[in-house]
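Keep in mind that this is a model prediction, so the values were computed, not measured. Along the sequence shown, the residues carry numbers beginning at 1.
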Amino acid sequence: MNAEAAKPASPGPVTPATTVAATPTTPRRKARPRLDLRRLGRAALLGPGTRDRLPDAIGHVVEAHRAHHPDAAIDPLRRAYLLAESSHRGQMRKSGEPYITHPLAVTLILAELGAETTTLTASLLHDTVEDTEVTLDQVGAEFGEEVRYLVDGVTKLEKVDYGAAAEPETFRKMLVATGNDVRVMSIKLADRLHNMRTLGVMRQEKQERIAKVTRDVLIPLAERLGVQALKTELEDLVFAVLHPEDHRRTKELIAENAARPDDPLAATADEVRAVLRDADIPAEVLIRPRHFVSVHRVGRKRGRLAPTDFGRLLVLVNEDADCYAVLGELHTCMTPVVSEFKDFIAVPKFNLYQSLHTAVAREGDGQVVEVLIRTHQMHKVAEAGVVALGNPYTAPGEEQSAGDGERVDPTRPGWLSRLLDWQRAAPDPDTFWSTLREDLAQDREITVFRPDGGTLGLPEGATCVDAAYAQYGEDAHACIGARVNGRLATLSTVLRDGDTVQLLMGQDPASEPSREWLEHAHTPAARIAIQRWLTAHPGRGGAEDEEPARPGTDEGLVVRRTPEAPDGGADAPAVLVDLPDVTVRLAGCCTPVPPDRVTGFAVRGSVVTVHRAECAVVARMKSAGRAEVGVRWGDTAGGRVTLLAESFVRPHLLADLTEAMALEGAEIVSATVEPPDRQRVRHTYTVRLPDVAHLPALMRAMRNVAGVYDVSRAQQPQPTDG
């Protein structure tokens with residue numbers, strides 16, 4: 001039985017059950033008072049009545065359901081209620097209420113949000129398999145495979161120990177239980193909301209534990225699934241439990257503002273109605289009060305709350321075009337605060353949210369009033385998120401499959417889809433959990449544009465590395481650079497909202513991500529993909545680790561572990577050394593290749609590092625009294641070399657340069673493009689040559705590319721003596 005069931009008395013002032021969706025989602029309907037759960041419990045115990053008669057106890061659910069779905073069949077709800085009531089009969093909640101009041105309340109929440117019949121049927125039955133003798137097979141035989149699948153998913157979620165939800169593997173199991181169907185999580189969120197409303201008889205310690213898990217896991221999930229109506233009430237309930245003093249003070253501020261004789265929001269709403277009426281734009285203008293947590297956040301941000309900070313205006317229209325017409329009229333007839341404008345209609349948020357945000361300054365007192373403009377359908381989705389999607393299957397009642405038993409959900413939001421991909425791709429639970437927690441903590445998102453007209457939604461602080469993996473998945477391992485707003489940029493460049501990003505991809509199928517990319521990756525998709533590759537290829541990834549210095553032997557020497565076989569294997573030119581039983585490593589600072597004059601120095605671990613004779617490190621080693629080791633080239637069939645190209649900035653330069661290199665048979669292993677400086681840009685390429693004798697021809701071909709004014713062998717900067 002649900003361990004969180006308790007007395008139906010909220011610890012603080014909470015939006016009534018029916019107003020969660022009644023006011024914001026269906027603004028034309030009057031909000032009903034909170035349900036009398038004791039009355040419902042008595043109705044349940046009195047029995048269902050005749051076989052075909054609709055039980056009184058679910059009349060309110062059917063009414064809310066038909067407000068969104070007038071033609072919905074109610075027989076499944078009747079039969080589901082009868083099964084749930086008879087199965088739970090005799091079970092009581094900790095408050096002393098009949099247990100049936102809990103699935104009824106959860107189902108009402110979902111009905112008010114506009115959930116379709118299948119979801120409501122499963123919601124009524126969601127505790128039967130876990131807490132009664134009813135089996136999944138019985139549910140499937142009576143209500144069909146869809147309802148069976150949803151009840152099974154919720155049952156699995158109930159078995160997850162949410163008290164230990166901070167454990168990575170526990171959360172992974174929760175996601176696996178959710179599967180591909182967002183309706184499972186919708187039922188769980190509604191279930192948690194009702195339990196949070198009824199925490200009153202719990203011990204304070206248990207209230208706080210449940211509230212913390214709700215804050216850390218379920219509220220961020222509700223946000224990303226777009227179910228704002230649930231998210232905001234959950235936030236207020238958690239706020240009352242975990243921060244009672246702040247909640248009390250916020251409640252007092254809201255009460256004081258409500259007692260004001262004049263309401264600037266009401267006056268501005270009347271002004272907006274007049275403007276739109278004169279413009280002949282049919283619209284509904286509502287005052288949308290901020291919830292407790294929102295008021296608290298605004299107060300902390302601004303220091304002092306103005307009367308207009310306690311709410312926002314909501315303008316509802318019929319068509320998308322009307323949204324922009326309203327915006328134009330408001331900005332023409334009133335004083336707009338341009339910095340507050342955001343267009344989430346043209347570029348929706350990751351969680352399906354669409355709306356225009358703007359603000360106007362009142363004449364006289366200058367108070368700023370925030371305005372949200374959206375269609376009625378956008379508003380429904382803004383409040384209900386994935387719940388408003390309805391049945392996510394094209395053939396209701398028929399299970400669709402993508403093979404191997406995986407169900408197809410074409411309306412599954414991108415974030416949940418990525419989430420499920422992450423949990424499958426993560427090399428270990430800790431990696432998945434750490435990256436997920438970072439993602440859940442992100443409360444702001446930016447939108448960047450692609451040259452093909454597409455967009456990418458990324459968290460604030462994301463870099464070109466994140467954009468690459470968001471667009472190309474694991475193919476982003478081959479990314480060699482980027483253009484941001486038309487200018488060449490490093491992959492570590494932090495992107496801003498509205499930037500245009502062109503990702504430059506190499507042609508080498510064996511391209512590798514750099515270990516350094518992890519330092520610049522902020523999204524789980526990027527971090528998990530990079531970490532997964534590095535785990536599968538230990539010692540690779542282009543890491544440039546310094547060999548620890550040993551006084552008197554190899555002080556000042558930087559040994560770079562390069563991607564080519566550093567021990568003289570088949571992928572590197574053969575090097576003959578005048579010492580027995582040593583390993584040869586080509587220095588990354590000067591990347592020697594035949595026919596370069598070379599010398600070597602012994603470092604610890606029986607390793608000899610080979611440098612070009614003119615390398616700056618050689619001079620430093622000699623001046624420090626280090627003994628040289630005789631080395632010479634053996635087989636000179638091929639090798640790797642690092643080249644520095646300097647050029648003027650021009651369109652398509654990088655594409656032309658890499659094409660010229662490819663025509664000479666050079667395979668680009670890695671590339672770095674520095675930010676432009678005074679219309680000049682530096683490119684550093686590490687390339688693999690089938691025959692090092694072609695190096696001069698390659699360098700000539702690169703110099704012949706228009707805009708390139710110099711190509712030279714790269715000399716990596718060395719650390720200075722401290």
Side-chain angles (χ1 to χ4, degrees), residues 10-34 228-229 232-233 235-237 239-240 243-279 281 283-317 326 329-337 339-340 355 357-374 379 383:
S10 172
V14 183
T15 306
T18 53
T19 60
V20 171
T23 298
T25 304
T26 54
R28 292 186 176 85
R29 294 166 48 215
K30 294 183 179 179
R32 295 187 297 276
R34 178 186 289 274
Q228 292 295 319
T232 53
E233 188 177 351
E235 281 186 327
D236 283 351
L237 289 163
F239 186 44
H243 305 282
E245 285 303 309
D246 287 338
H247 183 274
R248 181 188 58 78
R249 286 194 295 268
T250 303
K251 178 182 177 181
E252 292 174 354
L253 289 172
I254 292 174
E256 291 173 3
N257 183 71
R260 292 172 55 91
D262 57 330
D263 184 354
L265 285 175
T268 306
D270 289 338
E271 186 178 353
V272 170
R273 292 187 187 101
V275 167
L276 300 182
R277 186 168 53 248
D278 292 344
I281 301 175
E284 189 172 359
V285 181
L286 306 172
I287 297 176
R288 185 173 175 82
R290 290 185 184 273
H291 63 107
F292 279 52
V293 171
S294 180
V295 171
H296 178 67
R297 287 172 179 162
V298 171
R300 293 188 62 180
K301 178 181 178 181
R302 300 179 183 173
R304 182 178 180 181
L305 290 165
T308 53
D309 289 332
F310 288 86
R312 295 180 287 188
L313 298 188
L314 174 63
V315 181
L316 298 176
V317 295
V326 169
E329 292 297 327
L330 294 185
H331 282 197
T332 300
C333 301
M334 306 177 77
T335 305
V337 181
S339 61
E340 296 294 322
S355 187
H357 289 203
T358 190
V360 294
R362 284 168 42 88
E363 295 293 335
D365 58 17
Q367 291 188 58
V368 174
V369 177
E370 296 181 33
V371 184
L372 311 178
I373 308 167
R374 59 180 72 140
H379 184 58
E383 293 300 302

Hey, does [Y] have a side-chain heavy atom less than 4.5 Å from the side chain of [X]?
X	Y	answer
R374	L314	yes
R273	D270	yes
V337	T358	no
H357	L372	yes
L276	V317	no
L330	I373	yes
V272	V371	no
R260	N257	yes

For the [atom1] atom of [X] and the [atom2] atom of [Y], what is their distance to the nearest 0.5 Å?
X	Y	atom1	atom2	result
H247	K251	NE2	NZ	7.5 Å
M334	T268	CE	OG1	6.0 Å
R288	L265	CZ	CG	13.0 Å
R290	R297	CZ	CZ	10.5 Å

Might you point out which heavy atoms bring [X] and [Y] nearest each other, and give the distance in Å?
X	Y	value
E329	V275	CB-CG1, 3.9 Å
P307	P264	CB-CG, 3.5 Å
D309	R304	OD2-O, 4.1 Å
L253	F310	O-CE2, 3.7 Å

Could you tell me whether the side chain of Q367 and the main chain of T308 form a donor-acceptor pair under 3.5 Å? yes
Counting neighbours of CZ on R300 that are heavy atoms of other residues, nucleotides or ligands and sit closer than 6.0 Å, is the number greater than 12? no
Below 30° counts as parallel, above 60° as perpendicular, anything between as tilted: where do the rings of H296 and F239 land? tilted
Assess the residue pair V360 and E271 against the criterion (side-chain contact (heavy atoms from CB on, under 4.5 Å)); give the C-alpha distance rounded to whole Å, side-chain angles, the decisive distance to 0.1 Å, and a yes or no. CA-CA 11 Å; V360 294; E271 186 178 353; over 6 Å; no
Are E245 and R248 ion-paired here, with the side-chain N under 4.0 Å from a carboxylate O? yes
